[in-house]
Amino acid sequence: MLSKVYRPQEVEEKQYARWEEAGAFACGQTEGQPYTIVIPPPNVTGSLHMGHALNNTLQDVLIRFQRMRGRDALWQPGTDHAGIATQMVVERQLAEQGTDRRDMSRDAFIAKVWKWREESGGTIIDQLRRLGASCDWERERFTMDDGLSQAVLKVFVDLYKQNLIYRDKRLVNWDCKFQTAISDLEVEQRDVNGHLWHFKYPIDGEEGRFITVATTRPETMLGDTGVAVHPDDERYADLIGKYAVLPLVGRKIKIVADLHADPEQGSGAVKITPAHDFNDFEVGRRHDLEMVNIFDAHGNLNEMVPAAYQGMERFAAREKVVADLEAQGLVAEIEDHQHTVPYGDRSGVVIEPWLTDQWYVDAAELAKKPIEAVERGETRFVPQQWEKTFFEWMRNIQPWCISRQIWWGHQIPAWYAPDGKVFVEKTEEEARNAAKIHYGKDVPLERDPDVLDTWFSSALWPFSTLGWPEETPELKRYYQTDVLVTGFDIIFFWVARMMMMGMHFMEEAPFHTVYIHALVRDERGQKMSKSKGNVIDPLHLIDKFGADALRFTLSAMAAQGRDIKLSENRVEGYRNFATKLWNAARFCEMNVCLPSDDFEPGNCRETVNRWIVGETARASEKVTQALDAYKFNEAANAAYQFTWGTFCDWYLEFSKPLLTEGGELAREETRACAAWVLQQILKLLHPFMPFITEEIWERQAGPKNSMLMQQDWPGSSAIPIDSEADAEMAWVIELISDVRAVRSESNVPAGARIPMRLLNGNAETLRRLEANDEVIRRLARLDSVETEGGVPTGSVQIVIGEATLVLPLAGVIDLDAERARLRTQIDKHAGEIAKIDKKLANANFMAKAPEHVIEEQRDRRNDADATRAKLAEALERLSAAG
RNA sequence: GGGCGCGUAGCUCAGCGGGAGAGCACUACGUUGACAUCGUAGGGGUCGCUGGUUCAAUCCCAGCCGCGCCCACCA
């Protein structure tokens, strides 16, 4: 016997273990068409947050759905080594122990990271299990696995040899905290309230004359090598070609004409620091200005500045520069100024444009095929609007800086000869051989110490996890994958790059669909973040309400194109839904509703059963179509509505008389039918609520070893819709609802049984009334039902179709209130009729509206008119009576 | 400066050319043998504003007003 409430804690672990023991998550168990999703690999350092919960719930819904449909489902799991993030974590641990990675060898440090991963890297995987994720765990991969590392080496070497990877010296975004280059995407622009300092630079050889420049970064003036003015700016026309003397430094710097200088901005003259500003770099290049690098890797001033500033931290230097210039009377003005400043997204420190040698991918070239693929529709985005974002970025893409000056990651397979020549090969041995051929002798080689951007290996994920570059059967069978499910925040970081690598190396897009879901925010719409303290921990919700409730909530709220504002009481509501389902199953159990192999949904005799069978088919259809269209919310809501609103609220109530008082035939049919519908419900809900549905399935029915997750998805086409049964039950429902409403409005005690009289019913109505007598009495709480007689004084009258229901409530009802109620109803219908009449009288409408719309309007008008007439009669009788 | 999205019931949101919806909250009644994590009934909305297209607009188009996000080197 099922308990009164569902207790997730007692079920989730057990059912998950059953699935795993049965190997039910493994791919390759059927000959069906493959269906593949690769998981966005969470960082090994990570723990499950709401974004993961949403992302993985949606993937699991799709995977379980398709698996039940007979597809050979592969959900490929794994984790990402997350270069900088992971190195940070381990470095922090070292710091706590009072040591530093620089105190140990690179190998020793890397060994430490691996050890850390062994010990705590599996957290998120276990948490995904708690969520119910049906990943093929046997196939779990890690971006630093041997196989995946081989893929990385091959890709790097091949792209290098195809001139799509190259080394270049240019300005990079330098992270002074981690002392590594980072890519454009890892830089976030923040609005900052700063200042605009106006400095006066003396003109060389012209005593007392100055040119004023403005800057937000005074310290960089120590690296100025020029001043630019607009060629058409008359104020400075005579200065072009002359020199200014850089204060504090004494260097003569050229005044050049460049279109970059905007006469409208500031003074119209711009200081040029080619080594520390992306714009100035270009200006400097155009005018052949010197590049003076004034910073070291920490962002401190180096030996290229006057001794007084050497070794100073950059922001301390800023203050000193301003003070020193002020002392010399060279500060013309200091304005408050709001501007954007680049910060490292992980380090949180100001990024310094810094001139270094780095490795780059020719992204513009690699972007070509992905752009075409999306244009052709070979890969489509859902919702489609994200294509624009994708195109926008891909068409303006910049070289991708892939080298990082850290230790944790894939070390770049490049070796340098003493003369600086580089040899790129998969192994040191191959590099030596290449060098030997080149030089005609053995030369010592030194390996590039840098590692690759984490996203470089993630970009290969859809094929590297399947065994590439080996031509494995899995690669052949499961690539191209089907859908990629991810958030919009990593379209550039990840989706675009998987497209580039997939198209280049596999010559086929890595997935045919990219489903982009929203962000999960807190209930006030704020982005969840640790610093704001508004993070809702999915594990907390799972503990409190169950994984199914959380999953259902996220699915039901995952409408396309809108962020999810999650609140705990929403989850509570869906926990209640789980309880409702549980109790429906409990009802079935108590009434011995067992699935029967003999039950044929199409052959029911009882009208209620014929009706619910059709409703089930409709619900299945809705859920299936919605899931096919990635409309998770519609699918979840359709299943919810059917389960609660149709099955529990009506069908189970209708079934009660048949189960307890019906003849044996009817009872057996109803038992089997209720069991069958419940099974269909369990199937429809399983992708969303795998645990509770599997638990009920196990208890209720299935033969051993037959798990719900392995059942066939409900098909709807074979199930007949019986329109006569539909009409009859719709009539019964309307009658019961109307009587209930009147009782409630008339303050009839809920427990009181009252008589009812149905007058003027036609033969079909009388038949329906008779056939559903027991149900109507029960649910409308009636004691007697008559079909003849008059309208006693003080009766309430309800119009339903051609018939009038009479509830003799003399002494109970307030006659004035009842008259008012009837008048209101009459007015409502009259208003409706007037509106439709106006339409029907409109020649344009009649001429241009489609026939079926006109027909519909006529029908509605006639129905309303008939009802109004009946109501008017009722009002007349009431008035006559009293 | 470009691009995207959002303004519908008190709250959170569906719907998106022909009858305004859900969940929660609220009100009243209710221990009717599955379920009080429940049942029954009810109140509550000029669908941001202004124009346009259309026989018909919450839905399509334009403008405006409010919000949010993404991208971009503006001193």
Side-chain angles (χ1 to χ4, degrees), chain A residues 2 4-6 171 184 189 196-198 213-217 228 260-262 265-273 277-282 337 339-340 342 353 383 385-386 388-389 391-393 396 488-489 491-492 519 523-525 527 545 549 556-557 559 561-567 569-570 572-591 631 633-634 637 640-641 645 648-649 652-653 656 660 737 740-745 747-751 753 778-779 781 832 835-836 839 842-850 852-854 856-857 860 864:
Chain A
L2 267 60
K4 267 196 167 186
V5 293
Y6 167 65
L171 283 186
D184 297 345
Q189 303 291 337
L196 194 58
W197 284 272
H198 296 253
V213 296
T215 181
T216 55
R217 303 196 51 203
H260 164 69
D262 179 355
Q265 290 257 359
S267 64
V270 198
K271 64 190 268 307
I272 301 297
T273 321
D277 182 282
F278 289 97
N279 273 317
D280 293 3
F281 182 80
E282 296 302 324
H337 183 66
H339 59 125
T340 59
Q385 70 197 61
W386 291 108
K388 285 191 184 174
T389 306
F391 285 138
E392 191 68 23
W393 190 68
N396 299 297
F488 59 80
D489 48 333
I491 290 179
F492 304 146
L519 238 51
E523 52 197 308
R524 287 174 310 173
K527 204 167 169 174
F545 301 113
M557 297 184 79
R562 194 160 188 149
D563 286 345
I564 295 177
K565 289 182 199 163
L566 189 73
S567 70
N569 81 29
R570 196 77 189 228
E572 186 181 359
Y574 288 117
R575 186 277 315 269
N576 296 352
F577 174 58
T579 308
K580 188 73 182 177
L581 174 66
W582 185 255
N583 278 287
R586 187 162 177 265
F587 173 87
C588 289
E589 185 185 42
M590 291 171 72
N591 287 282
K631 295 185 175 175
N633 59 319
E634 285 183 16
N637 286 326
Y640 178 100
Q641 175 53 39
C648 293
D649 286 351
L652 290 185
E653 294 303 330
K656 285 175 183 173
T660 55
S737 301
R740 281 171 169 174
V742 164
R743 293 175 55 113
S744 177
E745 282 165 27
N747 297 315
V748 176
R753 295 236 172 213
R778 247 182 208 250
L779 300 184
R781 301 203 64 74
E832 168 109 16
K835 219 167 105 184
I836 299 174
K839 255 188 206 177
N842 181 337
N844 277 328
F845 173 74
M846 297 305 283
K848 295 188 179 174
H852 77 270
V853 171
I854 297 176
E856 203 179 290
Q857 297 292 323
R860 271 178 53 205

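Every chain is numbered from 1 and lettered A, B, ... according to where its sequence line falls, protein lines coming before strand lines.
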Take A/T215 and A/K631, find for each the nucleotide of RNA chain B with the closest heavy atom, and name the residue whose nucleotide sits nearer the 5' end.
A/K631
Rounded distance in Å - CD (A/Q385) to C1' (B/C71):
15 Å
Indicate, with a heavy-atom threshold strictly under 4.0 Å, whether A/R743 touches base, sugar-phosphate, or nothing.
nothing
Determine the stems involving RNA chain B; a stem requires 3 or more consecutive pairs of the Watson-Crick or G-U wobble kind, each with both distances below 3.5 Å, and the answer is none if no such run exists.
B:1-7 with B:65-71, B:10-13 with B:21-24, B:26-30 with B:38-42, B:48-52 with B:60-64
Listed partners of A/R778 passing side chain to side chain contact (heavy atoms under 4.5 Å, CB included), at least two apart
A/K656, A/P657, A/T660, A/E661, A/E774
Return the set of residues passing side chain to side chain contact (heavy atoms under 4.5 Å, CB included) with A/Y640 (not counting sequence neighbours), or none when no residue passes.
A/F552, A/Y574, A/F577, A/W644
Only one of A/L171, A/T273, A/I272 passes side chain to side chain contact (heavy atoms under 4.5 Å, CB included) with A/F281; say which it is.
A/L171
Scan A/A556 against the nucleic acid and name what it touches under 4.0 Å (heavy atoms): base, sugar-phosphate only, or nothing.
nothing
Dump every N/O contact between nucleotides 51-55 of chain B and the protein below 3.5 Å, one line per pair.
from  : atom 1 : to     : atom 2 : distance (Å)
B/C55 : OP1    : A/K848 : NZ     : 2.3
B/C55 : O2'    : A/N842 : ND2    : 3.1

Residues that A/R781 engages under salt bridge (Lys or Arg N to Asp or Glu O under 4.0 Å), provided they are two or more places apart
none
Quantified in whole Å, what is the C1' atom distance between nucleotide B/A25 and nucleotide B/C65?
30 Å
What's the gap between B/G23 and B/G42 when it is taken at their P atoms, as a whole Å value?
13 Å
Measure the distance from CZ on A/F545 to P on B/G23 and round it to the nearest whole Å.
19 Å
Would you give the length of the straight line joining atom CD of A/E282 to atom CG of A/D277, rounded to the nearest 0.5 angstrom?
10.0 Å
Distance between the P atoms of B/G10 and B/G30, in whole angstroms?
29 Å
Compare every heavy atom of A/C648 with every heavy atom of A/A584, then report the nearest pair and how far apart it is.
CB-SG, 3.8 Å
Under 4.0 angstrom, heavy atoms only, what part of the nucleic acid is A/Q857 near: base, sugar-phosphate, or nothing?
sugar-phosphate
Applying salt bridge (Lys or Arg N to Asp or Glu O under 4.0 Å), can you list everything that pairs with A/E832, at least two apart in sequence or on another chain?
A/R860
Gap separating the OG1 atom of A/T215 from the CG atom of A/L196, nearest 0.5 angstrom:
7.5 Å
Taking atom P of B/G23 as reference, at what distance in whole Å does atom CG of A/L566 sit?
19 Å
If the C1' atom of B/A28 is compared with that of B/G19, how far apart are they to the nearest Å?
29 Å
When rounded to the nearest Å, what value does the distance between P atoms of B/C6 and B/U46 take?
23 Å
Rounding to the closest angstrom, what is the interatomic distance between B/G51 and B/A56 at atom P?
16 Å
Between A/E392 and A/E634, which residue's closest nucleotide on RNA chain B lies nearer the 5′ terminus?
A/E392
Results of side chain to side chain donor-acceptor pair (under 3.5 Å) for A/E572 - residues two or more places apart only:
none
Under the side chain to side chain contact (heavy atoms under 4.5 Å, CB included) test, residues paired with A/T340 that sit two or more places apart:
A/Q189, A/D191
So A/H852, base contact, sugar-phosphate only, or nothing? Heavy-atom distance under 4.0 Å.
nothing
Can you tell me how far C1' of B/C24 sits from CG of A/N569, to the nearest Å?
6 Å
Length of the line joining A/H339:NE2 and B/A72:P, which is rounded to integer Å:
18 Å
Under 4.0 Å, counting only non-hydrogen atoms across every strand here, what does A/T389 touch: a base, just sugar-phosphate, or nothing?
nothing
Over how many whole Å does the gap from A/D262 atom CG to B/C73 atom C1' extend?
13 Å
Reading nucleotides 27-41 of chain B from the 5' end, what letters show protein touch, with B for base, S for backbone sugar-phosphate only, - for no heavy atom under 4.0 Å?
-----B-BBSBSSSS
Taken in chain and number order and not counting sequence neighbours, the residues that satisfy ring pair (Phe, Tyr, Trp, His ring centres under 6.0 Å) with A/F587 are none
Any base atoms under 4.0 Å from A/K839, or only sugar-phosphate, or nothing? Heavy atoms, all strands.
sugar-phosphate
Whole-Å distance separating the CH2 atom of A/W386 from the P atom of B/C71:
11 Å
Partners meeting salt bridge (Lys or Arg N to Asp or Glu O under 4.0 Å) with A/E589 (sequence neighbours left out)
none
Applying side chain to side chain contact (heavy atoms under 4.5 Å, CB included), name anything that partners A/R586, two or more places apart in sequence or on another chain.
A/M1, A/L2, A/K4, A/N583, A/M590
Rounding to an integer number of angstrom, what distance separates B/G45 and B/A9 when you compare their C1' atoms?
5 Å
Tell me the interatomic distance from A/D489, atom CG, to B/G5, atom P, rounded to whole angstroms.
18 Å
